[in-house]
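For reference, positions follow the sequence shown, starting with 1. Given the structure is predicted, the values throughout are model-derived calculations rather than measurements.
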Amino acid sequence: MMNDLGNQALDYALKNVDQAEIYLEITENVDATIQNDQVDFAKEAYSMGIGIRVINDNRMGFAYTTQKDRLLETVDKAVSNANANLADENISFAPKSNYPNIKEIYDRKIEAMELGESIDLGKSMIDAVLDKNCEPTSGGVSAGCSRIIITNSEGAFCEDISTYISSFIAVNVSDGEGVSTASESDSSRKMDIDPEIIAHQACEIALNSRGGKHIETGDNKVLLDYHAASGLISNFSQAINGDNVQRGRSIYADMMGKKVSSSSLCIYDDGTIKGGLNSSRADGEGTPSQKTAIVEDGVLRNFLYDLKTAIKGNTNSTGNGMRSSFSDMPEVGLSNLIFDFKNFEPLSDINDGLFVTDVLGAHTANPISGDFSVEAMNAFKIEKGKLAYPVKKAMLSGNIFDILKEANAASLKTRQLGPFIVPPITVSNLRVIG
């Protein structure tokens, strides 16, 4: 059915325009939402959508629909939009290509998952929290399957199927005068996450955070756990976006081939890795997914591009023309951004410092300068290689680009949180405000 719809739309569009692209997406989801100590809402959803882009006389037009019987009408709308737009010599569609086969991004068990199963998983998280004498405040379980076809007039054709499952829980526990809070989450392409373990981890953090002590303001060695590290690193991703570079919104704009981080650090964007949360055969434009070295041994090697920014920059797309859905136009985005350190400084090697589980306010950082000021969530004082006591109300301030020049991994183990695949990161010097 999807192939027939794509061919019908493509053939009809090419009667009126120079080039056309059809993006078809079918998604099926089951979701269970936790509020306090119960699953208060659950839903099963199915959606199908078609995004249509056309190029006529170097003018781009876009329209989308969720109704099959309005397919040709939507093509006409895309053509009309193209005729109303300004010409742009940098627009194009992906050429015919061979696509990689990506391993472990589809699990039949997830595709077959029923609503009752997601509810049961949500209830198991609630029970696990209550067993630890904590109070669940919010959370949920979400799972789904997505089928995508991209076809265009240049001969590109890619079909992909993938699944995902994710769980999240936030908890409270009495802390004398107030409450101690914590949260935990996990996501996977396979049915291999355990909601009860996620619940226990959240409870353990909350329970250990009780009775926090104040800390003196000063410059400290800081160990950023997975969530804290990925939260701050999210601002780095803006600096390697080819569109930001071309608009002068990146601190790295004139630093290609120069050292930008510690020599022990390599950074890759890889849309092909096994089981990656953002791995796929192609990006949202039909360009084959690939591995791109961004930083090698501390030296800046590449930026990320979609087709338009690649043409504008006289280079090739890196397979990073991303769409959030059929209703959006592609733009430069991450697939799986991997931080690979050669040097390590684990907790046991830190004589005096601060361990930070998560940060609040990372989105407020300046994406151009890299400056940030965030709240340290569930922080603990480090003394003689061990967590000594919880810290009450602390802020971290610094610069993400400076952090990368002095950071080491704190563990061999990495986790994927969103598009970021990171280890815990040890930073030698951050301002801690008590």
Side-chain angles (χ1 to χ4, degrees), residues 2-3 6-7 9-10 13-14 17-25 49-55 58 60-62 64 78 88-103 105-106 146-162 189 237 240-246 267-274 276-294 301-338 419:
M2 292 179 72
N3 283 345
N7 291 334
L10 192 60
L14 291 175
V17 296
D18 301 327
Q19 298 171 275
E21 172 202 82
I22 314 299
Y23 182 96
L24 301 98
E25 180 181 56
I50 305 169
I52 299 165
R53 292 198 298 166
V54 299
I55 298 175
N58 287 331
M60 175 79 76
F62 172 69
Y64 68 90
D88 186 344
E89 62 183 9
N90 296 313
I91 56 177
S92 70
F93 292 140
K96 183 178 181 179
S97 303
N98 294 318
Y99 296 97
N101 290 317
I102 312 300
K103 297 180 179 180
I105 62 171
Y106 170 78
S146 175
R147 290 178 172 83
I148 293 172
I149 286 179
I150 305 173
T151 183
N152 69 30
S153 55
E154 309 310 294
F157 178 86
C158 184
E159 186 171 7
D160 212 358
I161 181 171
S162 61
R189 295 290 206 166
S237 65
I240 59 174
N241 181 309
D243 185 51
N244 288 338
V245 171
Q246 292 168 357
I267 302 173
Y268 307 97
D269 182 90
D270 190 351
T272 68
I273 62 170
K274 181 174 67 175
L277 295 180
N278 291 324
S279 292
S280 60
R281 300 187 69 204
D283 68 4
E285 298 182 292
T287 301
S289 295
Q290 66 176 55
K291 179 178 181 179
T292 303
I294 306 300
R301 296 300 186 192
N302 287 291
F303 298 119
L304 302 179
Y305 297 98
D306 60 4
L307 286 167
K308 182 176 179 178
T309 55
I311 294 172
K312 189 175 180 180
N314 194 29
T315 186
N316 297 316
S317 170
T318 55
N320 290 90
M322 302 304 186
R323 304 189 200 221
S324 58
S325 78
F326 65 89
S327 62
D328 289 316
M329 293 270 281
E331 59 182 16
V332 180
L334 303 174
S335 59
N336 307 292
L337 195 66
I338 305 164

For residues Asp269 and Ser335, is any side-chain donor paired with an opposing acceptor at under 3.5 Å? yes
Do any N or O atoms from the side chain of Arg189 and from the backbone of Leu277 form a donor-acceptor pair under 3.5 angstrom? yes
Any donor-acceptor pair under 3.5 Å from Thr272 side chain to Asp270 backbone: no
Donor-acceptor pair, distance only, cut-off 3.5 Å: does the side chain of Ser153 make one with the backbone of Ala20? yes
Enclosure of Tyr268 OH (heavy-atom neighbours >12, cutoff 6.0 Å): yes
Within the distance-only criterion (no hydrogens, no angle test), does the side chain of Gln246 pair as donor or acceptor with the backbone N or O of Lys312 below 3.5 angstrom? no
Tell me whether Arg53 contacts the main-chain N or O of Met60 through its side chain, where contact means a donor paired with an acceptor under 3.5 Å. no
Donor-acceptor pair, distance only, cut-off 3.5 Å: does the side chain of Arg323 make one with the backbone of Gly284? yes
Distance col, row Ile294:CD1 vs Leu304:CG, nearest 0.5 angstrom, shows 4.0 Å
Would you say the side-chain atoms of Glu285 pair up with the backbone N or O of Leu307, donor to acceptor, closer than 3.5 Å? yes
Between Asp160 and Ile102, does a side-chain contact (heavy atoms from CB on, under 4.5 Å) hold up when you go through it step by step? CA-CA 9 Å; Asp160 212 358; Ile102 312 300; 5.6 Å; no
If you draw a 6.0 Å radius around CD in Glu331, do more than 12 non-hydrogen atoms from other residues or ligands fall strictly inside? no
The reported gap from CG in Asp328 to OH in Tyr23 (rounded to nearest 0.5 angstrom) is 9.5 Å
Between Asn336 and Ser279, do the side chains contain a donor N or O and an acceptor N or O under 3.5 Å apart? yes
When you compare the side chain of Phe303 with that of Asn244, does any pair of heavy atoms fall below 4.5 Å? no
Ignoring hydrogens, what is the shortest heavy-atom contact between Ala156 and Ala94? Give both atom names and the distance. CB-O, 3.6 Å
Please report the interatomic distance CE(Met322) to CG(Asp283), rounded to the nearest 0.5 Å. 6.0 Å
Beyond-backbone contact of Asn152 with Gln19, side-chain heavy atoms, under 4.5 angstrom: no
